[in-house]
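Taking it in order: structure first as C-alpha cells, then the write-up.
Excluded from the calculations below are hydrogen atoms, water molecules and symmetry mates; all remaining heavy atoms, backbone and side chain alike, are included. All residue numbers refer to positions in the sequence shown, counting from 1. Fair warning: this is a prediction, and the values are worked out from it, not measured in the lab.
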Amino acid sequence: MSTGRRPHDPHGDYNFIVTIDGCDAGVFQKCDGLSFEVDLVEYRDSMMPHPQKRPGIRRYGNIKLIKGNVANTALWEWCQAIIGGEHERKNGSISVLSDSGDSNQPVVTFNFNDAWPLRWKGFRLDGMGKGSLVEEIELVVESISIA
C-alpha cells in the first residue's frame, strides 16, 4: 500500500512530541530553537601568509516551547523551583513523528540534557480577542543529541 511519501520527502512540522523527565507538561503547539554553533578562532603563525581556522567554544541554542494554557502547572512549578534557588535540571526529548502520527515509531528523536527554565512568559489577555491562551517557556540546554 502506497502512502504517497517518497524516501526523500521532508516530514511535516506538525507531528511532534515533547517529553521532559519528571514533568508532565502537557502537549505543546510549537517548538523552536534546536540549534548548534561553534565560535570561529583564527590564528596565524609567523610564516603563514593567511590565517588558520579552528573551532572554538561550542554552544547549543535555547529551546522555546509554546503550549495552550490549561490547568496543568508543572512548568510553572519547575520555574518556581528555579526562582527559589533550586537549580533543578531535567533531560528531555523532542520526537518528530511520521505522517501517521505513530508515537511508538518516531522518525527522529532529539534528546536534550541538563535543561533548566531561563524564561517563562504568560498569556496575553484581550477582552475582544478570539484566540487561545498560550504560555511559553525557554529552556537552556547543555547538549543535544540524536537518538
Side-chain angles (χ1 to χ4, degrees), residues 1 3-44 51-147:
M1 182 174 164
T3 62
R5 173 174 285 288
R6 299 169 299 181
H8 58 275
D9 284 342
H11 292 280
D13 64 354
Y14 51 86
N15 274 341
F16 66 95
I17 296 174
V18 178
T19 56
I20 301 172
D21 294 344
C23 185
D24 181 19
V27 178
F28 292 92
Q29 294 171 330
K30 295 181 183 177
C31 173
D32 188 19
L34 277 173
S35 64
F36 164 78
E37 79 179 64
V38 178
D39 286 347
L40 173 64
V41 177
E42 291 186 355
Y43 73 95
R44 194 181 99 158
Q52 296 292 305
K53 298 177 183 177
R54 299 285 185 252
I57 296 174
R58 290 124 175 112
R59 291 184 182 84
Y60 293 94
N62 296 340
I63 297 174
K64 185 176 180 182
L65 302 170
I66 300 174
K67 73 181 199 81
N69 184 273
V70 292
N72 185 333
T73 60
L75 293 175
W76 177 249
E77 291 167 10
W78 188 17
C79 291
Q80 286 299 303
I82 295 293
I83 290 170
E86 299 175 33
H87 295 281
E88 184 179 0
R89 294 174 180 252
K90 297 179 184 279
N91 299 329
S93 63
I94 301 163
S95 297
V96 177
L97 307 179
S98 66
D99 290 342
S100 68
D102 182 8
S103 62
N104 294 323
Q105 293 289 337
V107 175
V108 64
T109 298
F110 296 91
N111 295 317
F112 55 88
N113 300 305
D114 294 327
W116 52 273
L118 172 68
R119 183 176 292 116
W120 178 88
K121 183 177 176 184
F123 38 85
R124 183 179 72 116
L125 299 172
D126 181 357
M128 299 296 287
K130 295 179 174 73
S132 300
L133 298 178
V134 295
E135 63 180 310
E136 301 175 13
I137 189 165
E138 187 172 342
L139 304 176
V140 174
V141 299
E142 293 294 330
S143 66
I144 297 172
S145 62
I146 294 180

Quick one: [atom1] on [X] to [atom2] on [Y], what's the gap to the nearest 0.5 Å?
X      : Y      : atom1 : atom2 : answer
Asn111 : Ile146 : CG    : CD1   : 9.5 Å
Trp116 : Leu139 : CH2   : CG    : 10.0 Å
Ser95  : Gln105 : OG    : CD    : 11.5 Å

With a 4.5 Å limit on heavy-atom distance, are the side chains of [X] and [Y] in contact?
X      : Y      : result
Leu97  : Val107 : no
Val96  : Pro106 : no
Leu65  : Ile20  : yes
Pro51  : Tyr43  : no
Thr109 : Ile94  : no

Using side chain to side chain donor-acceptor pair (under 3.5 Å) as the criterion, list what pairs up with [X], not counting sequence neighbours.
X      : value
Asn62  : Glu138
Ser35  : none
Asn113 : Ser143

According to ring-ring contact (aromatic ring centres under 6.0 Å, His included), who are the partners of Phe110, at least two apart in sequence or on a separate chain? none

What pairs meet the salt bridge (charged side-chain N to carboxylate O under 4.0 Å, His left out) rule with one or both residues in [range], with sequence neighbours excluded?
range          : result
residues 70-79 : none
residues 32-43 : Asp39-Arg59
residues 62-73 : Lys64-Glu136, Lys67-Glu135

Give the minimum heavy-atom separation between [X] and [Y], together with the two atoms involved.
X      : Y     : answer
Cys31  : Phe16 : CB-CE1, 4.0 Å
Asp114 : Arg89 : O-NH1, 3.3 Å
Asn15  : Ser98 : ND2-O, 2.9 Å
Ile137 : Cys79 : CD1-SG, 3.8 Å

How would you list, by chain and number, every residue that makes a side-chain contact (heavy atoms from CB on, under 4.5 Å) with Arg44, sequence neighbours excluded? Met48

Residue set satisfying side-chain contact (heavy atoms from CB on, under 4.5 Å) with Val41, at least two apart, ordered chain then number -> none

Sidechain-backbone polar pair: Asp21 side chain, Lys90 backbone, donor-acceptor under 3.5 Å: no

Would you say the side-chain atoms of Arg58 pair up with the backbone N or O of Gly56, donor to acceptor, closer than 3.5 Å?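 Checked: pair present.
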
Taking CD in Gln52 as the centre, count heavy atoms belonging to other residues, nucleotides or ligands within less than 6.0 Å. Is the count above 12? yes

Tell me, which pairs form a ring pair (Phe, Tyr, Trp, His ring centres under 6.0 Å) where one or both residues lie in residues 52-79, sequence neighbours left out? Phe36-Tyr60, Trp76-Trp120

Under 3.5 Å, side-chain donor or acceptor atoms of residues 80-87 against the rest of the protein: list the pairs with distances, not counting sequence neighbours.
none

